[in-house]
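The structure under discussion is supplied below as structure tokens; questions concerning it will follow.
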Amino acid sequence: PLIEIGEFDLPAQMRLIIQRVPLEFRVTWLLNWINQHPEPGMIFVSTRSAADRLYNLLQALGKDVVVYHGGLSCEERQNLEKLILDCPPK
């Protein structure tokens, strides 16, 4: 179940999409969605290993992607945050 605590204060140019997709269709669904929506976005997964696997898959498919999770050093996370915040909207 989805439990929302608090609220999301997103910038005007961002949107939040929450979609539950059956496990066997997730990769296909995600790749189709990414191809239909080329603008920058974030994908949330439940584990570091899932984040790394998804990063490797998207990178192998030629997507411009970074991975961000708690296993990164403080410096790596800060560099990625700066990269994300400095990225102009397309």
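Predicted, not measured: the structure shown is a model, and the values here were computed from it.
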**Fill in**
Closest non-hydrogen atoms of Ala51 and His69, given as atom of the first, atom of the second and distance, are CB-CD2, 4.0 Å
**Point-to-point distance, once rounded to the nearest 0.5 Å, from CZ of Arg20 to CZ of Arg26** = 7.5 Å
**Asked** So, for Leu72 and Val67, which heavy atoms are closest and what is the spacing to 0.1 Å?
**Response** CD1-O, 3.5 Å
**Request:** Could you state whether Leu61 and Val45 fall into the same hydrophobic cluster, counting links through intermediate Ile, Leu, Val, Met, Phe, Trp or Tyr residues with side-chain heavy atoms under 4.5 angstrom apart?
**Result:** yes
**Single-linkage hydrophobic cluster Leu83~Val65, side-chain heavy atoms < 4.5 angstrom** = no
**Prompt:** Would you call Ile34 and Ile43 a side-chain contact if the rule is heavy atoms closer than 4.5 Å?
**Reply:** yes
**Message:** Does Glu75, at its CD atom, have more than 12 non-hydrogen atoms belonging to other residues, nucleotides or ligands within less than 6.0 Å?
**Reply:** no
**Asked** Val21 and Trp29: which non-hydrogen atoms are nearest, and at how many Å?
**Response** CG2-CD2, 3.8 Å
**Asked** Hey, quick one: are Val27 and Phe25 part of the same hydrophobic cluster, counting side-chain heavy atoms closer than 4.5 Å, chains of contacts allowed?
**Response** yes
**Request:** Using the side chain to side chain contact (heavy atoms under 4.5 Å, CB included) rule, take Thr47 and Asp52 through it: C-alpha gap first, then chi angles, then the decisive distance, then the call.
**Result:** CA-CA 9 Å; Thr47 66; Asp52 288 332; over 6 Å; no
**Request:** Under the side chain to side chain contact (heavy atoms under 4.5 Å, CB included) rule, what do Lys63 and Asn35 come out as? Steps first, then yes or no, please.
**Result:** CA-CA 10 Å; Lys63 302 298 181 187; Asn35 288 329; 2.8 Å; yes
**Message:** Does any part of the side chain of Leu30, heavy atoms only, come nearer than 4.5 Å to the side chain of Leu54, both counted from C-beta?
**Reply:** yes
